[in-house]
Protein chains: 2
Amino acid sequence: MANINEVAKKAGVSVATVSRVLNSPNVVTPRTKAKVEDAIKKLNYEPSMLGRNLRNSESRLLLVLVPSISNPFYIDIIKGIEQSALDQNYNILLCETDSNPEREEIYFDLVRKKMADGIISMDPAVNIETLKELSKQYAIIQCSEYSEESDIPYVTIDNEEAAYRAVKHLIKLGHQEIALFNSNEKYLYARERKEGYMRALQEYGLPINDEFIIMTDQLNFDSGIEATKRIMNLKDRPTAIFSVSDLLAVGALKEMNRTGVKVPEEMAIIGFDNIEFSNMTYPTLTTIAQPMYQLGTVAANMLIEKVNGGEVTNTILNHELLIREST
Amino acid sequence: MANINEVAKKAGVSVATVSRVLNSPNVVTPRTKAKVEDAIKKLNYEPSMLGRNLRNSESRLLLVLVPSISNPFYIDIIKGIEQSALDQNYNILLCETDSNPEREEIYFDLVRKKMADGIISMDPAVNIETLKELSKQYAIIQCSEYSEESDIPYVTIDNEEAAYRAVKHLIKLGHQEIALFNSNEKYLYARERKEGYMRALQEYGLPINDEFIIMTDQLNFDSGIEATKRIMNLKDRPTAIFSVSDLLAVGALKEMNRTGVKVPEEMAIIGFDNIEFSNMTYPTLTTIAQPMYQLGTVAANMLIEKVNGGEVTNTILNHELLIREST
DNA sequence: GTTGATAATGTAAAGGATTACATGTTTGTA
DNA sequence: TACAAACATGTAATCCTTTACATTATCAAC
C-alpha cells in the first residue's frame with residue numbers, strides 16, 4: 001500500500017507538498033496540485049489515519065458509555081451523537097458497560113491510552129470517582145444522568161418538573177391513589193422524579209402511601225411485571241401508575257393485559273422516555289417525551305467543543321407530556 | 001503526559017526494555033522489571049495506542065455496519081460482537097448506514113484509511129460491488145444477510161427452512177389462507193423466506209394467492225400496520241400472517257387490537273427474529289428465534305481470524321420456532 | 001536588470017511505540 | 001579460571017504524517 005513518500009516521488013515533489021494538497025489545497029499551485037492528485041490516483045493512495053493521528057495526537061474517536069443498548073431510550077440518543085460526530089469528522093466508540101465495573105475500566109483505558117478523545121457518559125451506575133478523576137485530564141460530558149457535585153458538564157432535562165407534570169396529569173384525571181415505579185434512589189434522576197411525584201401529590205393534598213412506591217433494580221420489562229404484581233397484591237390497590245421508564249410501564253401493561261385489568265379504565269399507566277415502542281403497545285402509552293436525539297446532538301457538540309479546549313455550559317432541554325391511550 | 005522515553009530515563013534503562021516490560025514481561029529480569037514498573041507508576045505513564053497502532057499497522061477497531069439500530073434484531077448481534085471483540089482486545093466502531101450510500105462511504109473510508117481493521121456488514125442494502133472490491137484487500141464478513149455470488153465469508157441461518165417451518169406451523173393449526181409480509185425481494189433473505197413459504201404451501205397442496213403476498217419497503221412498525229390494512233381490505237381475507245420481521249408483526253398485532261380482531265382466534269400472526277419485544281406484546285408473538293448473540297460472536301471471531309490472515313468458512317446457525325400466544 | 005516582497009516548495013524533526021540486530025552479562029562446565 | 005552458551009539489555013530503524021523553518025521561485029517596480 002502506497003504511502004506519502006511514494007506519492008511524493010511519483011509526483012516529483014516533496015512529502016510536505018503532498019500533505020498540503022491533502023490538507024490545505026489552496027496554498028499549492030494548481031499545476032503541482034494536479035501532478036500530486038494524479039500520482040495519488042495512479043498509486044491508489046489513501047492517507048493513513050494511524051500516522052496522522054499520531055502526529056496530531058488525536059484519535060477522532062468519541063467514547064459513548066451506555067449501561068445497556070437493550071433499552072431503546074439510548075438508541076435515539078446514540079443516533080443524535082453519531083450524527084453530530086460525523087458532521088465534525090469524529091466517530092463513536094459505542095461501549096455498553098452492563099453496569100460492569102471491569103468493562104467500564106476497559107473503556108476508560110481507551111481514553112487514557114489516547115484511543116479516544118473524550119467520553120459521553122450516560123451510565124447512571126458509572127464510577128463517579130473515576131469519572132471525576134478522568135475529567136481533570138480528559139474531555140467528559142454527562143448526558144441525561146449526571147452527578148451534582150462533580151463539575152463535569154452535563155445535558156439533561158428537568159426530571160423533577162417532568163415527573164410533577166406526569167403525576168399532575170393523573171390527578172387531573174381523578175386519580176387519588178397513584179403508584180410510583182422508580183429505580184434505586186442512589187441515582188439522581190430517581191430522586192428527582194420522586195420529588196416531582198411527591199410535589200404533585202402534596203399540591204393536591206393527597207397522602208403519600210409508601211406501599212405505592214416500588215423500587216426496581218433494573219429498568220426493564222421483567223421488573224415492570226414484578227412491580228405490577230406487587231401493587232396488585234395490595235389490599236388497597238392504586239388506580240394509576242407513574243413509571244420512571246417506558247420499559248417498566250410496558251411490563252405493567254403486559255401484566256394488566258394478562259390479568260384482564262382494563263387500561264386505562266381500571267388502571268391508568270404513564271411512562272417516561274417516549275421510546276419508539278411506547279407507541280406500538282396496546283393500548284399506546286402515555287409518556288413523558290425526552291428529546292433523545294437532541295440530547296445526543298447537544299452532548300456530542302459539547303464534547304467536541306471541550307475536546308478542542310472550549311468552555312461549555314450545562315444544558316437543560318425541554319420535555320413534553322404525550323397523552324395517549326393508557327391514561 | 002509521560003512517554004516511553006521519560007519512563008526509560010527515569011528507570012535508567014532503554015526504551016526497548018520498557019516496551020518489553022509492557023509486552024513480554026517474562027523476558028526481562030525481575031529486578032529491571034520492578035524498576036520500570038516503579039517508573040511507570042511514578043510518572044503515571046500510559047502507553048499511547050496511537051504510537052503502538054502506527055508501529056503495528058493496526059487499529060484494533062472493527063467496523064460494524066448496521067442498517068438501523070432502531071431494529072432490536074441487531075442489538076443482540078451487536079452485543080455478541082462486542083463481547084467477542086473485547087475478549088480479543090478489539091473494540092467496535094458501530095456504524096448505522098440508514099441505507100444511505102454517503103454514510104456508507106464515510107465508513108468504508110475508515111478501513112481504507114487504516115482506522116479499522118475489518119468490517120462486519122449486516123446491511124442488506126449495502127453496496128455489494130464496493131464491498132466485494134474492498135474484500136480483496138481488507139477483512140470482511142457478512143452477518144445474517146449475504147451475497148451469494150461474492151466470496152465474502154458469511155454467517156447466517158437457513159432462511160428458507162425457517163420460513164418453511166413457520167408456515168408449516170400455521171398450516172398444521174388449520175390455516176389455509178396465509179399472508180406473507182415480506183420485504184423487497186432484491187434481498188436474499190426475502191427471496192429465501194418466500195421460497196420457504198411457497199414450499200410449505202405447495203407441500204400441503206394449498207394455492208398461492210398473490211394478493212396475500214405483501215412487499216414492504218421497510219422492516220418497521222408502520223410498515224406492519226400498512227401491510228395489515230391492505231390484507232384486511234381484501235374481499236377474501238387470510239386467517240394468518242407470516243411476517244419476515246417481528247417489527248412488522250408487532251405492527252400487525254397493533255392493527256388487530258385497534259380494529260378489534262382477535263389474535264389468534266380470528267387472525268394468527270407469526271414473526272421472525274425473536275426480538276426482546278416480541279415477548280412483551282399482547283398477545284405475545286410466536287416467532288422464529290434467530291441466535292442473534294451467537295451470530296454476533298461467530299461473526300466477530302471469523303473477522304478477527306481473517307484480520308490475522310486466517311482462513312474462514314461460512315457458517316449456518318440453527319434457528320428455532322417459538323410458539324407463543326399469537327398462533 | 002536589480003531588488004525586495006511574496007508565494008510556493010523543500011528539509012527535517014517530531015509524535016510514540018516496537019523490534020531486528022548488536023552488544024554486554026550471566027551461567028555452567030571443563 | 002576460562003570459554004561458550006544462554007540470556008538480558010541497548011541502539012537505531014521503522015511505521016506515516018504534519019508542520020516550523022529554510023530555501024527557492026515568481027513577479028512587480030524602478
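Chain letters run A, B, ... following the sequence lines, proteins first and then strands; every chain starts at 1.
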Stems in DNA chain D: runs of 3 or more consecutive Watson-Crick or G-U pairs, distances under 3.5 Å?
->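 Runs of three or more consecutive pairs: C:1-30 with D:1-30.
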Going by side chain to side chain contact (heavy atoms under 4.5 Å, CB included), name the residues that satisfy it together with [X], two or more places apart in sequence or in a different chain.
X        : result
B:Ser24  : B:Asn26, B:Val27
A:Asn318 : none
B:Asp87  : B:Gln83
A:Lys10  : A:Ala39, A:Lys42, A:Leu43

Is there a side-chain contact between B:Arg52 and B:Asn23 (heavy atoms, below 4.5 Å)?
->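 Answer yes - side chains close enough.
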Do nucleotides 22-28 of chain C as a string where each nucleotide becomes B, S or -: B if the base has a protein heavy atom under 4.0 Å, S if just the sugar-phosphate does, - if no protein is that close.
-> -------
Quick one, give me the B/S/- string for nucleotides 16-28 of chain D, reading 5' to 3', where B means a protein heavy atom under 4.0 Å from the base and S means that only happens at the primed atoms, P, OP1 or OP2.
-> BBBBB--------
For [X] and [N], give me the distance from atom [atom1] to atom [atom2], rounded to whole Å.
X       : N      : atom1 : atom2 : value
B:Lys33 : D:dC7  : NZ    : P     : 18 Å
B:Glu58 : D:dT14 : CD    : C1'   : 15 Å
B:Ile40 : C:dG16 : CD1   : C1'   : 14 Å

Phosphate contact (D:dA8 OP1 or OP2) by B:Thr32 side-chain N/O below 4.0 Å |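 Answer no for this pair, as no side-chain N or O of B:Thr32 is under 4.0 Å from OP1 or OP2.
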Which salt bridge (charged side-chain N to carboxylate O under 4.0 Å, His left out) pairs, counting each pair once, include a residue from residues 119-142 of chain B, with sequence neighbours left out?
->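 Pairs touching residues 119-142 of chain B that pass the test: B:Glu129-B:Lys132, B:Lys132-B:Glu149, B:Glu133-B:Lys136.
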If a pair satisfies side-chain hydrogen bond (donor to acceptor under 3.5 Å, both in side chains) and one of its residues is in residues 112-121 of chain B, list it, with sequence neighbours excluded.
->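 side-chain hydrogen bond (donor to acceptor under 3.5 Å, both in side chains) check on residues 112-121 of chain B returns B:Ser59-B:Asp117, B:Glu105-B:Arg112, B:Asp109-B:Arg112.
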Pairs where residues 115-157 of chain B contributes a residue and the test ring pair (Phe, Tyr, Trp, His ring centres under 6.0 Å) is met, not counting sequence neighbours =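 For residues 115-157 of chain B: B:Tyr146-B:Tyr154.
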What ring pair (Phe, Tyr, Trp, His ring centres under 6.0 Å) pairs are there with at least one residue in residues 82-101 of chain B, not counting sequence neighbours?
->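 Counting only pairs at least two positions apart or across chains, no ring pair (Phe, Tyr, Trp, His ring centres under 6.0 Å) contact touches residues 82-101 of chain B.
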Residues 298-308 of chain B, side-chain donor-acceptor partners within the protein, below 3.5 Å, at least two apart:
| unit_1 | atom_1 | unit_2 | atom_2 | d |
| --- | --- | --- | --- | --- |
| B:Asn301 | OD1 | B:Ser84 | OG | 3.4 |
| B:Asn301 | OD1 | B:Gln88 | NE2 | 2.9 |
| B:Asn301 | ND2 | B:Thr297 | O | 3.3 |
| B:Asn308 | ND2 | B:Ile304 | O | 3.1 |

